[in-house]
Amino acid sequence: MPEDVLKQAAAEMLDWQGSGMGVMEMSHRGPDFTAIHQQAQADLRELLAIPEQFHILFMQGGGLAENAIVPLNLAARMGKTSANARADFVVTGSWSQKSLQEAQRYCSTALAASNQESGHTALPMPASWRLSPEASYVHICSNETIQGVEFHELPDLRALGCDAPLVIDFSSHAASRPVDWSRVGLAFGGAQKNLGPAGLTLVVVREDLLGHALPGCPSAFDYQKLADAGSMFNTPPTYAIYMAGLVFRWLKDQGGIAAIEAQNQAKAALLYAAIDSSELYVNRVQAVCRSRMNVPFFLREERLNQAFLAGAQAVGLLQLKGHKSVGGMRASIYNAMPLAGVQALVAYMREFEKTKA
Ligand code: PMP
């Protein structure tokens with residue numbers, strides 16, 4: 001979270017703008033929260049240049065719930081039923097793998113492409129994807145948080161002869177760069193990386209993808225019902241929406257998405273250059289698809305892992321331990337991480353290599 005946002009939330013905690021109550025105490029249908037909610041939506045639409053024909057839904061359940069909610073809503077497009085609904089998946093790491101497995105509970109699935117052979121260090125070229133004309137949608141994870149693999153350009157399915165909508169799980173790089181909405185049917189993500197606190201899930205969905213929910217889809221997860229109710233089908237995660245709204249305003253103050261993207265590029269370039277120029281650290285992801293948000297790296301001498309983490313903690317560099325499934329280290333350098341934070345990490349890494357390795 002940007003520090004300025006946390007400070008503002010703290011200042012408004014007990015009394016939001018003279019209303020005599022905190023945001024958590026407001027009726028979600030009252031005028032104060034309605035204003036907060038609408039402003040957050042409008043700011044996000046402006047920031048990400050989300051076209052009119054897309055609905056912005058503020059949901060709950062996180063990215064993993066969307067792994068079920070997406071097939072429940074989209075698999076039965078084109079007049080399909082649960083018996084013949086089908087979706088294509090491109091598996092490029094742990095999160096898209098989970099999405100595929102979860103979708104199998106609601107429709108049949110096909111693996112259109114995978115980067116398993118490369119150990120999730122490269123992206124399969126879209127031209128090589130085996131896309132089915134029967135698929136109701138094509139799913140990708142546009143930034144694999146654990147493996148640190150990012151689509152720097154979203155695939156153009158139409159250019160590949162595929163009319164199915166592209167679904168992107170952009171949980172871990174939403175609002176870090178612009179989105180080409182002409183290539184996307186639906187984008188979803190948990191808020192807790194770049195957008196706000198956990199508890200809020202963002203879904204941006206094209207109008208024509210509403211209204212196809214399978215009969216078993218819970219009403220609270222039916223995109224059509226949520227869109228009709230302006231994300232107020234039931235009580236939304238009000239405080240998380242308020243916090244996300246503050247983050248959106250902060251992003252606008254930074255100069256918008258283009259400015260934050262430039263900053264993210266600079267941060268990532270600095271860190272990858274430090275890794276690549278060292279004898280101790282290594283990142284094996286192909287340069288063209290290295291994540292600008294999540295930078296996994298390994299110490300060539302694994303016996304130094306604990307000392308590296310302990311030394312980092314001692315100088316205030318926290319949460320650098322890699323995901324348990326891959327080990328090593330991971331620096332998550334989301335929007336709110338300033339350039340100075342990455343500079344401090346790089347300085348520490350150089351010092352550690354010089355003195356300990
Ligand atoms: N997708 C991606 C790309 C993620 O990074 C995560 C969480 N790290 C998830 C899905 C799961 O999100 P949640 O914990 O909000 O369900």
Side-chain angles (χ1 to χ4, degrees), residues 1 48 57-74 87 89-106 109 114-115 120-121 123 137-152 154-155 166-177 179 184 186-205 218 220-221 231 236-237 239-241 243-244 247 264 268 285 289-296 318-337:
M1 297 293 290
L48 280 182
L57 307 179
F58 290 147
M59 299 182 66
Q60 304 186 56
L64 289 195
E66 292 302 328
N67 283 344
I69 297 169
V70 169
L72 279 165
N73 277 276
L74 263 52
F89 285 77
V90 177
V91 170
T92 53
S94 308
W95 294 112
S96 45
Q97 180 65 40
K98 267 192 204 281
S99 301
L100 167 65
Q101 275 160 355
E102 183 72 4
Q104 282 167 353
R105 307 177 61 179
Y106 305 101
T109 58
S114 153
N115 66 353
H120 303 305
T121 60
L123 285 177
Y137 66 95
V138 178
H139 176 111
I140 66 168
C141 176
S142 45
N143 184 59
E144 286 282 1
T145 322
I146 295 175
Q147 284 80 13
V149 179
E150 179 172 6
F151 282 86
H152 290 292
L154 293 175
L166 179 70
V167 170
I168 63 170
D169 172 358
F170 71 162
S171 294
S172 51
H173 70 164
S176 71
R177 61 177 227 201
V179 175
V184 174
L186 184 150
F188 73 82
Q192 63 270 24
K193 271 71 177 176
N194 269 342
L195 308 176
L200 168 65
T201 312
L202 171 66
V203 174
V204 182
V205 55
F221 292 155
S231 297
Y239 198 75
I241 290 172
M243 293 289 285
V247 171
N264 287 330
V285 177
C289 53
R290 281 175 160 181
S291 172
R292 293 183 184 135
M293 294 280 103
N294 312 96
V295 182
L318 310 178
Q319 310 200 80
L320 284 165
K321 192 170 177 183
H323 191 271
K324 57 184 185 301
S325 62
V326 294
M329 308 296 153
R330 177 174 53 165
S332 285
I333 49 176
Y334 295 117
N335 283 351
M337 173 61 69

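Hydrogens, waters and symmetry mates play no part in the numbers below; they use all other heavy atoms, side chains included. Whatever order the structure lists ligands and atoms in, that order sets their numbers, starting from 1.
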Under 4.0 Å between heavy atoms, the region of K98 that gets near ligand 1 turns out to be neither
Check each atom of ligand 1 against the heavy atoms of T145 and keep those under 4.0 Å away; list them by number with element.
2 (C), 3 (C), 4 (C), 5 (O)
Point-to-point distance, once rounded to the nearest 0.5 Å, from CG of L154 to CD1 of I140:
5.5 Å
Please confirm whether Q192 approaches ligand 1 to less than 4.0 Å, judged on its heavy atoms.
yes
Using 30° and 60° as the class limits, which term best fits the ring planes of F188 and H139: parallel, tilted or perpendicular?
tilted
Polar contact flag, side-chain donor to acceptor under 3.5 angstrom, E144-T92
yes
Option nearest atom 16 (O) of ligand 1 (shortest heavy-atom distance, choices L64, N143, D169)
L64
Decide whether the shortest distance between a heavy atom of N67 and an atom of ligand 1 is less than 4.0 Å.
no
With heavy-atom distances below 4.0 Å as the criterion, list the atoms of ligand 1 near G63.
12 (O), 13 (P), 15 (O), 16 (O)
Is it true that E66 lies under 4.0 Å from ligand 1, counting heavy atoms only?
no
Answer side chain, backbone, both or neither: which part of C141 comes under 4.0 Å from ligand 1, heavy atoms only.
side chain
If you measure only the distance, is there a donor-acceptor pair under 3.5 Å linking the side chains of E150 and H173?
yes
Does any N or O atom in G190 lie less than 3.5 angstrom from one in ligand 1, N or O only?
no
Within a distance under 4.0 Å of any heavy atom of S171, pick out the atoms of ligand 1 and give their elements.
1 (N), 2 (C), 3 (C), 4 (C), 10 (C)
